[in-house]
Amino acid sequence: MPGRVVVDQANPGAHLTRIPIPGISTATDSSQASVKGKVIKKGPLVSLGDEDFVLKAVIEDEESVRSSSSRNGSINVILFGGLAKDFSEAVSLGEVVVMTGFTVGKSPTAHKDQLHPCNLLLSGDDACLYVLRSLSPSVSPSPTAPKRSSASEVSKPAKVSKYTYVPLADLKPGAVVNVYGVVVFFKQPYKTRGTDYCSSLKITDQSNQKVVCTIFCEKLEDHPKIFQLGDIIRMHRVKTQAFGGSINLLNTFGFSVVTFDGRPESAVVPRTSSKSFHFEPEDERAVNELRTWAAKQDLLPTTPRVHLSSVQPQSYLDLDCQLLWKAQVDGACILLKVWDGTRCTHPLQDFTVEASAIQGPSSLSRERSDLAVNILVFDNHAEIAKQFKPGDYLRIYNLHATTGASSVPCSSGGSGANQLAFHLHGGTSYGRGVRVLPDDCPAIQELRRVMECFPEDDIFNESAIMEIWGTPPETLDDARGCCATERRCDHALQQVTLAEVKQSVPGQLFHVSAQLKSYQPRPLYQALKLHCPMCRAIQEIPDDDLLSETFLEASKAPGRIAEPWLLSESLLLPGDGPKAPGRTLSIHLSKELFGERKSKDLIYVTGATLEDVCQLAAAYQYILPVMPSGGSASLMDLSAPFLFRGNKRYYGCKQCSQVSVKELKVDGSEEINEEMIAEAVGVKLLQYCLVLKLELQQGRDTLEVLLWRDAETFFQVSLEEVAANQEAQNKISKTMDFLCPPGRSIAKQPWLDLCLSTYTVKADGGPNRVCYQVCQTSTTATPP
DNA sequence: GGTTAGGCTTTG
């Protein structure tokens, strides 16, 4: 059947010349050729509308992979039309296919994906793809079981899988083996005294033997991704070791690990950070066999998932929740504010933390703050929690719901003997730990369904951002490689089309590949703005002309500053004709700082122009412009920066600051910083943010998305640096020129691999709006 | 081609 995918046909394309993948070139006479390979990548089915589809896959020449290190052993295959659709439905990763009737093209992505310089295009009636499928391959863990092959298997007799898996009861000391198992105990990776993190787990299999495994890896991402008891784990190259009368497993050279959800009904999705891993249809069967077996055993403690609404005092529980904000309490303790969409019915212990110590939106909607609880995370877990970001979904293992007075530094004391507090104690006993769960994992989907009943809060004020521009717009062909950006998230999501993103229910994450058609604002520097973490207002950065005027106005303020804690010195600067009369510039030094030999750290200035301040900033660390107000020092209008440090300018929020210039108290050893100064003068510091509107294009479809919350990750720059120096600004504009080159056709532009979040913005009065945002994505290519 | 840990509740 031409133009279709054919399963189970004996010896397909036998009348044609089989060309090994490395041997393919644009000179190949494709009408007389067939190509065979194993599917090692399978892209999403991309709809072009009208029952037209395209799909990209990568196949690997198994012979050449085995025999040489040739880079040309893997080739991109682009399937069109019904063939793409059939392939998407009928062919699995790891299966071997034979193709005929293809044409050979030049691969536009060869320099990026390092694959074969050509690609194979399958379209039209001549194209045909055959799947070679064994009818009953053996995946018995026993290495001795022979493998039966179906008549459709064209390649020689049955080949034995590259990997054999040893039943846990058959382990002998002093061997390197591959194993499959069900996880019956685990600890999240924890830091050892050595150089590595250690994962400690216990697994079992159909042989009923329980075996302890210890995995040492320096990088957290190389550790087994175990989320819950019952997960299935496959390990390659672990060594057996006798310890305490039993056999343990330890990772060794070339170690690799893949894990799977353990529930029989769930899809077999490998969890791994390794880019190329061995996965055959037999693996899927092995996972399913273990799942079915495990389900019939009484292996796991049947701890139901505990929601905050069903927490019992003095108990230990595992909790799935979302992080709203966090605050460092002291060196060994972090406070996490979390919620799970349910209400804890017990009275809760309260904590107070400085607003400035909070990372994330400290002002939550009523609904959310009613449901949110505090979790104190100690010691080793506090170290891990430092990496968490507001919005992360967390699973906390062996969380202690405790009552009784707490004496942690942030406890606001009070009556409290019956008040409930959540502690994640230090140490790893009983698997105590915490990890971020990927957004697409079933437990998180369930959590989201509950949470969706409560209005969306965001780290920034979304409507403020949407006011800056209008509403998002509307409107595929081609398949391709990538890419000028890469995703930094660890969501195991398939790529989808822009159309699918638009059709989705908000509150989800997607992986897409698209080009950048246009972006705003132009000029680019207008994208840099100021943002208040407290009231979430966003404002423009004033230009120097405006600032000069503000400074000039302030310099005209009458009177003197006579603060008892200041030493003042005035300079009479000569004028330059009637238009530029003489003026007085005063410099004030704090007596305490002078006594602490920190007189160069901070000076207060009066009567200075913007140029004066910039000049003084070269000689002093911090410059704080002030003006007289009834004998005391007062700050200038907060539309101007209230503080300067070198090229850096610090602004305060007009709405949230309660300005009053007080003496800065320092202890001798402490370094002065902008937070301390801001606090001394009652200023709530504004933060720099970058807000870009990107128009993504995927064939004929486009989608407008925002980039702001993760702009620093995207451009890999600090926005404070961008605000202060030209070099950092150039980095951003060069990157944008590279992603969206002026005057170049879209066909020649690079592709971007992106992680997108979708969410609803509550507009005042108007209908709710769905917005899209680029998150956890970084540019990879450095523009020339 | 090599140390770490080797399950079993903090003491906030």
Side-chain angles (χ1 to χ4, degrees), chain A residues 171 173-174 176 181-204 210-220 222-224 226 228-229 233 237-255 299-301 303 312-319 327-336 349-353 374-383 385 396-414 416-417 419-434:
Chain A
L171 295 174
V176 173
V182 184
V183 177
V184 293
F185 171 79
F186 68 100
K187 289 182 176 185
Q188 291 301 330
Y190 55 96
K191 200 102 189 82
T192 64
R193 279 182 241 266
T195 56
D196 296 342
Y197 283 91
C198 174
S199 285
S200 182
L201 49 139
K202 191 183 264 177
I203 61 172
T204 188
K210 290 195 173 73
V211 175
V212 169
C213 314
T214 308
I215 312 296
F216 293 107
C217 293
E218 202 168 352
K219 291 188 198 140
L220 277 173
D222 295 335
H223 279 260
I226 303 171
Q228 61 191 338
L229 294 178
I233 187 167
R237 289 167 289 264
V238 281
K239 67 180 176 205
T240 53
Q241 197 180 62
F243 177 80
S246 53
I247 288 193
N248 288 356
L249 289 169
L250 210 65
N251 59 315
T252 184
F253 251 159
F255 166 75
L299 288 176
L300 309 173
T303 30
Q312 292 304 314
Q314 309 296 18
S315 64
Y316 290 89
L317 59 130
D318 292 353
L319 179 72
Q328 187 87 38
V329 173
D330 59 33
C333 180
I334 284 185
L335 188 142
L336 305 181
Q349 205 175 337
D350 201 20
F351 298 94
T352 40
V353 282
N374 299 302
I375 293 184
L376 291 175
V377 172
F378 294 95
D379 307 334
N380 49 325
H381 313 300
E383 280 306 307
I396 308 177
Y397 303 89
N398 198 237
L399 180 63
H400 191 182
T402 171
T403 53
S406 165
S407 60
V408 288
C410 59
S411 167
S412 50
Q419 291 178 335
L420 197 63
F422 294 98
H423 290 191
L424 181 65
H425 298 298
T428 62
S429 328
Y430 282 81
R432 214 156 41 225
V434 55

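Lettering of chains follows the sequences in order, A, B, ..., and the numbering in each one begins at 1.
- Phosphate contact (OP1/OP2 of dG6(B), side-chain N/O of Tyr190(A), threshold under 4.0 Å): present.
- Between Asp196(A) atom CG and dA5(B) atom P the separation is 10 Å, expressed in whole Å.
- Annotation: side-chain contact (heavy atoms from CB on, under 4.5 Å) contacts of Thr428(A) (sequence neighbours excluded): Lys187(A), Tyr190(A), Asn380(A).
- One can place CZ of Arg432(A) at 11 Å from C1' of dG7(B), the figure rounded to the nearest angstrom.
- Note: NE2 (His223(A)) to P (dT4(B)) measures 15 Å, nearest angstrom.
- Stacking of the aromatic ring of Phe378(A) onto the base of dT10(B) is not found under the criterion of centres within 5.5 Å and planes under 30°.
- Evaluation of Phe243(A) against the base of dG6(B) yields a stacking contact (centre distance < 5.5 Å, interplanar angle < 30°).
- Nearest nucleotide to the Ser429(A) side chain, out of dT3(B), dT9(B), dA5(B): dT9(B).
- Listed nucleotides dT4(B), dT9(B), dG6(B) differ in distance to Asn248(A); the shortest reach to its side chain belongs to dG6(B).
- Using a 4.0 Å heavy-atom criterion, one finds that Lys202(A) contacts the bases of the nucleic acid, with or without backbone contacts as well.
- Judged by ring centres under 5.5 Å apart and planes tilted less than 30 degrees, Tyr316(A) stacks against the six-membered base ring of dT9(B).
- Residue contacts for Arg193(A): at a heavy-atom cut-off of 4.0 Å it reaches the sugar-phosphate backbone alone, with no base atom in range.
- Gln241(A) comes within 4.0 angstrom of a base, heavy atoms only.
- Atom C1' of nucleotide dC8(B) and atom CZ of Phe185(A) are separated by 8 Å, given to the nearest angstrom.
- Residues satisfying the side-chain hydrogen bond (donor to acceptor under 3.5 Å, both in side chains) criterion with Glu383(A), sequence neighbours excluded, are Lys386(A).
- The distance between atom CG of Leu376(A) and atom C1' of dT11(B), rounded to the nearest whole Å, is 14 Å.
- Of the C1' atoms belonging to dT10(B) and dG6(B), the separation is 22 Å, rounded to the nearest Å.
- One atom, CG of Asp222(A), and another, P of dT4(B), lie 20 Å apart when rounded to the nearest Å.
- Counting only heavy atoms from C-beta outward, the side chains of Asp222(A) and Ile215(A) never approach each other to under 4.5 Å.
- Within the structure, every side-chain polar atom (N or O) of Lys191(A) is placed at least 4.0 Å from both OP1 and OP2 of dA5(B).
- The shortest side-chain heavy-atom distance between Phe351(A) and Val329(A) does not fall under the 4.5 Å cut-off.
- Distance, Asn398(A) CG to dT11(B) P: 14 Å, rounded to whole Å.
- Closest to the side chain of Thr214(A), from the set dT9(B), dT11(B), dA5(B), is dA5(B).
- Taking the side chain as every heavy atom from C-beta outward, Val176(A) and Val238(A) never approach each other to under 4.5 Å.
- Counting to the nearest Å, the C1' atom of dG2(B) and the CZ atom of Phe255(A) are 17 Å from each other.
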